[in-house]
Each structure stands twice: as C-alpha cells, then as structure tokens.
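Read through the structure below, which is laid out as structure tokens, and then see the notes.
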Number of protein chains: 2
Amino acid sequence: MFTFDNKLEFHNKSNDILTVGELLIDMISADYDEDFESNTYHKFFGGSPSNIAMNVKKLGINSLVASSVGKDGLGRFLINHLEKSNINTSCVQQVDYATSMVLVTKSKNSPVPIFYREADYHLDYTPELADAIKNSKIIHFSCWPISRMPVRDTIEKVIVEARKNDLLVCFDPNYHPMIWEKGEDGLDYVKSIISKVDIVKPSEDDAERLFGRDTYENQIEKFIELGAKLVIMTLGKDGAIVSNGKETIKLETLAKEVVDTTGAGDAFWSGFYTAVVKGYPIQEALKLGMAVSAYKLQYEGAVVNLPTLEIIKELYEL
Amino acid sequence: MFTFDNKLEFHNKSNDILTVGELLIDMISADYDEDFESNTYHKFFGGSPSNIAMNVKKLGINSLVASSVGKDGLGRFLINHLEKSNINTSCVQQVDYATSMVLVTKSKNSPVPIFYREADYHLDYTPELADAIKNSKIIHFSCWPISRMPVRDTIEKVIVEARKNDLLVCFDPNYHPMIWEKGEDGLDYVKSIISKVDIVKPSEDDAERLFGRDTYENQIEKFIELGAKLVIMTLGKDGAIVSNGKETIKLETLAKEVVDTTGAGDAFWSGFYTAVVKGYPIQEALKLGMAVSAYKLQYEGAVVNLPTLEIIKELYEL
C-alpha cells in the first residue's frame with residue numbers, strides 16, 4: 001500500500017481529514033527574553049491539530065477538529081478564530097477546566113515553554129466524535145493527547161474506530177517529557193502507539209528522545225520495527241528521509257528563504273495530506289509536503305496565508 | 001483573650017508573622033475587556049500571603065512567606081521580587097510544576113479570572129517550614145491552600161504545629177468554588193477549618209458563599225458557633241463589624257478617596273497584625289487595620305508603598 005508510486009485509496013467520505021488534540025493559547029513575550037523577565041505578553045491562537053485543519057482548508061480539502069477548550073473567554077476566542085477560518089467546530093468540546101495555555105518567550109536560543117494544561121486533556125469520546133471518524137478519510141494526532149489521562153482513553157477509542165472504518169491513521173511522535181504526565185515514563189506508551197498507526201513523521205530530535213542517539217537509517221528502522229508503515233524523518237535544512245520498510249528515498253528541502261520555522265512541520269503534513277486526498281502518488285505527495293513547508297518558511301507565524309495546492313505545485317515546478 | 005481592650009500576648013520569637021499559601025503570577029489584560037478579547041497582557045507579582053508579608057515589613061514588623069513556585073522563569077521572577085522587598089525566601093519551595101498563574105481582564109464590572117493552578121498547591125511540610133512556625137508569633141492563610149490536595153495536608157500540619165507553639169492562627173475564609181478541587185463541595189471543609197482558628201475576616205460575599213444570605217449579625221454568629229474567637233466582617237464602604245462572641249463593635253471606614261480596591265483586605269490584615277504585634281489593644285489594632293486599608297485605597301495596585309504604622313496612626317489621627 002505504501003510503495004512510493006502508489007496512490008492511497010480512500011472510501012467516499014464527506015470529510016477529508018480529522019485532527020484530534022490540543023487547542024490552546026500561545027502566550028508569547030513581546031520582547032526577546034530568555035527567562036520570562038518580560039512583563040508584556042501577546043496571546044495567539046495555538047495548537048497543531050487546528051493549524052493543520054486550517055492549512056488543508058486553504059490548500060483545498062475539507063477538515064474537522066476535535067479538541068476541548070474551557071467555558072471561558074479564551075475558549076470562546078479559539079472557537080471564534082476557527083469559525084472565522086471556516087472550520088466546522090461541532091467537535092470542539094467546552095469543558096469545566098480552564099482553556100490550556102503555553103507561555104513562551106520570544107527567544108533567539110531554545111525557549112523553554114511553561115505549560116498550563118487543563119481543558120485540552122479532558123476531551124471526551126462523544127457520539128459527535130465517533131460520527132466524525134466514520135465520515136473522514138484521514139485521522140491525525142500528536143503526542144499531546146496521548147500524554148495524559150483521560151484524553152488518552154479517548155485517543156485509544158479513536159484509533160479503534162478509525163481502524164474499523166479504514167481511515168489512514170497518522171501520528172506525530174513529538175514526544176517530550178515536559179508535556180507528559182508526572183511520574184510516568186512516556187517512552188513505552190509512545191512506542192505502543194507507533195505500532196497502531198500507519199504514518200509517523202519524527203524529527204531527528206523526536207527520534208533521539210524516543211530511542212537515544214543513532215544514525216538516521218537505524219532510527220527509521222526502529223519506527224518500522226515498531227509497526228509504522230511509512231516513516232517520514234525530517235532533517236531540517238537537510239530535507240527528509242522517507243522509508244516504507246522496503247525502499248528509502250531522500251527528499252531535498254525546497255526552502256530558499258527561512259523567516260520563521262514555527263509550523264513548518266505542520267505545513268509539511270498539510271501539503272502531504274492534501275496531495276494524497278487529491279490522488280497524488282505518495283512520492284509526489286511527499287514533494288508537495290516539502291513545497292508547502294518551504295512556502296510557509298518564508299513567512300512569520302504558525303499558520304500563514306497559503307494558496308491552493310495547485311498554485312504551490314506551479315510555484316515549485318512540481 | 002479577645003476582649004476589645006486587651007492586648008494580645010505573644011511569646012518572644014524571632015519572627016512576627018508567617019504567611020502560608022499562594023504565590024503566583026497575575027496576568028492582567030492591558031485594556032479594559034470583559035471576555036479575554038484583549039491580545040496584550042502584563043505580568044504582575046501576585047498572591048495575598050506575600051502581599052501581607054511585604055506590607056507588614058513596610059509597616060514595621062518581621063515576616064516570612066511559605067509558598068511554592070515552579071522551577072521556571074516565573075518562579076524566579078517571584079522569588080527575586082520578594083528578595084528585592086527584603087523578604088526572607090528560605091521557606092519558598094521550588095517544585096516540579098509550573099508557577100501558578102491567574103489570568104484576569106481589566107474590567108469595570110466583575111472580572112471572571114481564569115485560574116492556572118500548578119505549583120502553588122504542591123507546598124510540602126518541610127523542616128524549614130516547621131522551624132518557621134516555631135519561630136513565629138502569628139500564622140496566616142486563606143482558602144487557597146486548603147482548596148486542593150496535597151497542600152491541604154501541609155496546612156493541617158501547620159495548624160497542629162502552630163497550636164503546639166501557641167501562635168495566633170488567622171484565616172481568611174475567602175471561599176470560592178472556582179478555586180476548589182473539582183467534584184468536592186468545599187463548604188464543609190472550610191467550616192471545619194474555621195473551628196480550628198482564632199481570627200477570621202470574611203467579607204459579606206464570603207459569608208454568603210459559606211452560609212447563604214442572612215443578616216450580618218446572624219452570619220457573624222455562625223462563625224462564632226463554628227469556633228472562631230474573633231470575627232471581623234468587612235462591609236466595604238460601610239466599614240466592618242467585629243465580634244468576639246460576647247461584644248460586637250462597629251468600625252467606620254477611614255477611606256476618603258478610593259482609587260483601587262485591590263489588596264484592601266490584605267492591607268487591613270497587615271495593619272491589624274502590625275498593631276497587635278506592637279502591643280496595641282485589639283480595638284485600636286482594628287482601627288489601625290482600617291487606617292492602613294484606607295491608605296492603600298488611595299493608590300493603584302495590591303501592594304503600595306506604605307509608610308510605617310506610626311506614620312499611618314498620625315495621618316489618621318488615631
């Protein structure tokens with residue numbers, strides 16, 4: 001199924017991609033700052049699942065988001081932002097916890113965020129969510145919703161339902177101990193999830209956190225051995241290496257100008273998803289993912305004003 | 001002991017007052033806003049126990065703070081702020097949770113804060129804290145640290161140790177369901193704590209949340225019946241009513257100009273504590289509490305640049 005010149009086959013469904021997980025506020029210091037000395041912070045819409053949902057909509061396919069926010073002003077702000085972006089919010093739950101927030105400094109080095117996780121990990125498995133799975137072609141989630149109870153239970157049910165309905169199941173193994181439940185070593189659990197999904201897209205750092213330091217080839221092999229059917233390992237300016245366990249291909253970056261790397265990984269996922277839904281073979285879809293990522297890198301912000309996939313294809317002469 | 005013309009007797013201790021509880025960031029919208037529509041927020045030092053500790057220091061007695069913050073930039077900011085205010089931070093613990101934060105809008109109506117409680121309720125009962133109790137005359141805490149486990153256990157140990165060492169035990173019964181552990185009705189627990197303390201200072205709203213709507217006299221009687229030895233019920237612009245169960249006195253407000261009510265209650269506590277430590281009879285100490293509160297009301301902010309108690313006494317001709 002995952003040979004590089006194959007197209008992925010999907011059942012006829014009303015929705016293309018369903019992303020599940022964190023919807024939150026990024027509260028970012030106004031000034032460059034290494035240790036939260038700044039007194040002024042700006043609030044931004046945040047959360048990779050929604051960013052992907054908004055991206056693919058611009059690129060030309062349908063999307064749905066399943067997330068949970070608080071019954072508070074910040075939750076209303078996030079829902080309004082999605083609605084203004086024409087994203088259906090019927091699967092966004094409002095729960096009795098504060099809307100989750102990540103406080104970050106604008107930093108020239110590696111900023112260390114402070115996580116305030118509340119509503120985001122209280123996503124329930126509702127009849128609406130079950131219906132959304134049945135009506136979708138692809139399901140996407142990251143380590144955020146598997147890092148805590150009770151949303152972890154929801155994701156496990158989501159995976160079972162997605163398998164039953166023959167969805168493509170994609171997982172961003174962005175493991176980090178900082179988001180994980182205190183006192184639990186998340187590594188084994190992340191590995192158990194890799195065995196249940198089709199596609200994973202680790203960065204070099206993700207792989208190192210999961211498996212320790214090793215060569216790219218060995219790291220990819222470890223994901224394949226765990227059961228992933230397609231491993232897309234991103235290497236920053238060195239592009240990406242992709243393996244289906246039998247063949248491995250190398251993708252060069254298409255970026256010429258890099259203004260801001262925030263959201264580049266989600267832009268890749270977005271381009272790739274849009275392309276596979278539109279019927280491009282896997283190898284072409286991977287290149288279109290690289291192109292959307294390169295386009296995003298030219299602009300500041302996690303979600304930029306992407307053109308359609310067809311225009312991106314022309315711009316990058318693919 | 002709590003007759004109005006009595007002085008309170010204290011053992012000779014190196015520290016006057018130990019405040020225990022929440023130390024946190026107040027993140028306040030830059031603009032007036034009712035529903036977190038603002039995008040810009042300013043970070044402020046926050047937490048009533050520390051505000052009281054800083055106030056009494058300015059008024060002329062010693063203080064110590066027992067609180068827990070995260071091992072993060074916000075925790076370092078809070079500790080630095082205390083140190084700059086010459087507060088001993090040996091009882092401030094740094095724990096493996098994010099520094100607690102309250103997000104608030106600048107509002108002309110009643111703002112509804114969003115609470116991000118993490119580090120603040122992980123205060124441990126340490127040997128340093130036990131020593132601080134032994135070396136203090138007064139202990140003060142509010143509903144924050146009794147509203148969640150595990151810090152609730154710490155407070156229970158603090159009360160036992162304080163009783164053993166003959167401290168004056170003072171409690172701010174500022175009960176609010178929003179800060180309370182989910183799924184638990186905090187009312188019974190707050191009432192059980194009132195039975196273990198000497199002095200409580202409820203506002204009208206606090207009393208109503210605890211006991212339902214009733215006359216001032218009846219509300220005060222309920223606190224006395226539970227076991228409080230002195231009840232100071234604050235009535236905003238109408239001053240306060242104080243009862244020791246036998247006598248009741250009325251205190252008029254001394255405020256002429258009201259710029260900002262934030263921290264007015266803590267200013268009252270601070271003036272009262274400083275006065276009883278300095279040997280003023282209870283009735284005079286209550287008036288000095290009203291005077292410090294009136295002084296604070298003239299200025300913006302929870303902690304203002306208070307003069308010594310002696311200067312306040314002269315200013316208000318007491």
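Here is the naming used below: chain letters follow the sequence lines, and residue numbers restart at 1 for every chain.
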Chain A contact via B:Ile114 - which portion, at a heavy-atom distance below 4.5 Å: side chain
Heavy-atom check, side chain of A:Ile25 versus side chain of A:Val102, under 4.5 Å: no
Check: B:Val69 and B:Val95 side chains under 4.5 Å, non-hydrogen atoms: no
Trace of the side chain to side chain contact (heavy atoms under 4.5 Å, CB included) decision for A:Val259 with A:Leu297: CA-CA 6 Å; A:Val259 171; A:Leu297 285 165; over 6 Å; no
Among A:Gly73, A:Ala30, A:Ala98, residue most engaged with chain B (heavy-atom pairs, under 4.5 Å): A:Gly73
Partner set under ring pair (Phe, Tyr, Trp, His ring centres under 6.0 Å) for A:Phe44, not counting sequence neighbours: none
A:Ile87 vs A:Met54, side chain to side chain contact (heavy atoms under 4.5 Å, CB included): CA-CA, chis, key distance, verdict: CA-CA 7 Å; A:Ile87 303 290; A:Met54 292 190 289; 3.8 Å; yes
Spacing of CG belonging to A:Leu64 relative to CG belonging to A:Leu129, to within rounding of 0.5 Å: 10.0 Å
Aromatic ring proximity B:Phe77/A:Phe36, centre distance under 6.0 Å: no
Contact class of A:Leu103 relative to chain B, heavy atoms under 4.5 angstrom: side chain
With 3.5 angstrom as the limit, list the donor-acceptor pairs from chain A to chain B, or say none if there aren't any.
| residue | atom | partner | partner atom | Å |
| --- | --- | --- | --- | --- |
| A:Asp35 | OD1 | B:Arg76 | NE | 3.4 |
| A:Asp35 | OD1 | B:Arg76 | NH2 | 2.6 |
| A:Asp35 | OD2 | B:Arg76 | NE | 2.8 |
| A:Phe36 | O | B:Lys43 | NZ | 2.7 |
| A:Glu37 | O | B:Lys43 | NZ | 3.2 |
| A:Ser38 | O | B:Lys43 | NZ | 2.9 |
| A:Asn39 | O | B:Lys43 | N | 2.8 |
| A:Asn39 | OD1 | B:Lys43 | NZ | 3.3 |
| A:Thr40 | OG1 | B:His42 | ND1 | 3.0 |
| A:Tyr41 | N | B:Tyr41 | O | 2.9 |
| A:Tyr41 | O | B:Tyr41 | N | 2.8 |
| A:His42 | ND1 | B:Thr40 | OG1 | 3.0 |
| A:Lys43 | N | B:Asn39 | O | 2.8 |
| A:Lys43 | NZ | B:Phe36 | O | 2.7 |
| A:Lys43 | NZ | B:Glu37 | O | 3.2 |
| A:Lys43 | NZ | B:Ser38 | O | 2.9 |
| A:Lys43 | NZ | B:Asn39 | OD1 | 3.4 |
| A:Arg76 | NE | B:Asp35 | OD1 | 3.4 |
| A:Arg76 | NE | B:Asp35 | OD2 | 2.8 |
| A:Arg76 | NH2 | B:Asp35 | OD1 | 2.6 |
| A:Asp96 | O | B:Lys182 | NZ | 3.3 |
| A:Thr99 | O | B:Tyr116 | OH | 2.5 |
| A:Tyr116 | OH | B:Thr99 | O | 2.5 |
| A:Lys182 | NZ | B:Asp96 | O | 3.3 |

